[in-house]
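Start at 1 with the first residue, then count along the sequence.
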Amino acid sequence: MNKLFTSIFALAVTSATLASLAQDIKGDANAGQTKNSMCIGCHGIKGYQSSFPEVYKVPMISGQSAGYISAALHEYKKGDRKHPTMRSIADTLTEQDIADLAAYYSGHGVVAGAELSAKPAREPGADVQALLSKANCASCHGANFSKPIDPSYPKIAGQHADYLFVALKAYKADNGANANAKVGRAHPIMGGMAKQYTNAELKSMANYLSSVQGDLKVVPESRFR
């Protein structure tokens, strides 16, 4: 318990520091639209799949929280998230680039006035509900899994099931301190949560969460339509 508390405290301090720095850099969505050429080849094509470390649909990022997009890109840049392609892309981005891309994608495809229900219309089965309650997923990601309590946490409702499964397994792998590792995500809270589950249980949760209505979508660029 003390280890978990220490991890949560450290993450809170880090999040607060990043938030303070982010306040000095304002994202410009219009600028972000001119900087997304390296993004659209994967995230702007419906059904596009990655083959590393296994085959899965690349995550939907249109409509995602700006804070999460920014946090994820910083983690790829630092090497806390292991993905060779994303690491190489993130390395080319300045702090302003990251803020601009986050601002752009957070509003990309968003329908003005559209509001999700407070809770999912499709309730999970008893077995999946027990799994979700075990780590209290809703306490961070929101009761509808689209209203995270912290801007650096992702919306996960409606996200591709195969991507969610791969991401959750990466938290189990961790490997954050291993510069030579190719797979893993270093996150003190998610690492501890994911390691409570078998891969079969993670897949069951991922399948349910992908079925929940959310804000996330793929908005094809005109050149790909």
Side-chain angles (χ1 to χ4, degrees), residues 3-25 27 35-36 38-39 42-43 50-54 56-61 64-103 105-106 135 137 139-141 148-156 159-160 162-197 199 202 205-206 216:
K3 185 176 180 181
L4 179 59
F5 177 80
T6 301
S7 296
I8 293 173
F9 178 76
L11 184 65
V13 171
T14 301
S15 296
T17 301
L18 289 174
S20 177
L21 291 173
Q23 288 177 359
D24 298 329
I25 303 176
K35 298 178 178 181
N36 72 341
M38 291 185 293
C39 309
C42 294
H43 298 284
S50 172
S51 59
F52 178 86
E54 59 190 78
Y56 61 93
K57 296 183 187 68
V58 298
M60 292 180 277
I61 58 174
Q64 184 58 270
S65 306
Y68 170 71
I69 293 173
S70 177
L73 287 171
H74 279 104
E75 287 168 11
Y76 284 120
K77 195 177 182 76
K78 291 190 300 180
D80 288 344
R81 287 192 180 200
K82 308 296 184 183
H83 192 288
T85 302
M86 284 303 304
R87 175 71 186 274
S88 64
I89 290 173
D91 273 344
T92 70
L93 302 175
T94 66
E95 292 295 318
Q96 188 63 61
D97 292 337
I98 290 175
D100 292 343
L101 288 168
Y105 277 108
S106 65
C137 302
S139 67
C140 287
H141 298 283
I149 62 169
D150 186 281
S152 67
Y153 298 167
K155 300 177 182 181
I156 55 177
Q159 184 61 271
H160 298 309
D162 50 0
Y163 165 73
L164 288 173
F165 180 50
V166 168
L168 288 167
K169 287 194 296 180
Y171 286 118
K172 287 177 70 174
D174 192 344
N175 287 328
N178 185 352
N180 296 317
K182 300 299 183 184
V183 177
R185 293 187 178 186
H187 192 285
I189 295 178
M190 281 303 302
M193 297 302 182
K195 288 170 186 174
Q196 299 180 76
Y197 300 98
N199 286 348
L202 293 178
M205 290 192 293
L216 307 178

side-chain contact (heavy atoms from CB on, under 4.5 Å) partners of Gln96, counting only residues at least two apart = Ile25, Lys35, Thr94, Ala99, Asp100
Would you say Lys195 has more than 12 foreign heavy atoms packed within less than 6.0 Å of its NZ?
-> yes
Do any N or O atoms from the side chain of Asp162 and from the backbone of Lys57 form a donor-acceptor pair under 3.5 angstrom?
-> yes
Return the minimal non-hydrogen interatomic distance between Ala173 and Gly184, and the atom names on each side.
-> CB-CA, 4.1 Å
Heavy-atom nearest pair, Pro59 first then Gln159, reads CA-OE1, 3.5 Å
Considering residues at least two apart in sequence or located in another chain, which fulfil the side-chain contact (heavy atoms from CB on, under 4.5 Å) criterion with Ser65?
-> Tyr68, Pro148, Lys155
Side-chain donor or acceptor of His160 paired with backbone N/O of Tyr163 under 3.5 Å | no
For Ile69, which residues count as a side-chain contact (heavy atoms from CB on, under 4.5 Å) partner, sequence neighbours excluded?
-> Gln64, Leu73, Ala102, Tyr105
Summary of salt bridge (charged side-chain N to carboxylate O under 4.0 Å, His left out) pairs that have at least one residue in residues 82-93, sequence neighbours excluded = Arg87-Asp91
For Ala90, does its backbone N or O pair with a side-chain atom of Lys77 as donor and acceptor, under 3.5 Å?
-> yes
Can you name the salt bridge (charged side-chain N to carboxylate O under 4.0 Å, His left out) partners of Arg81, sequence neighbours left out?
-> Glu75
Check Phe165 against Asn199 and note the closest heavy-atom contact, atom names and distance.
-> CE1-O, 3.1 Å
Looking only at heavy atoms, which two atoms of His141 and Pro154 are closest? And how far apart?
-> ND1-O, 3.0 Å
Residues passing the salt bridge (charged side-chain N to carboxylate O under 4.0 Å, His left out) test with Lys169, sequence neighbours excluded, are Glu54
Short side-chain to backbone donor-acceptor contact, Ser70 and Gly67, under 3.5 Å | no
Do His43 and Asn36 come within less than 4.5 Å of each other through their side chains, counting heavy atoms only?
-> no
Heavy atoms, side chains only, cut-off 4.5 Å: are Met193 and Tyr171 in contact?
-> no
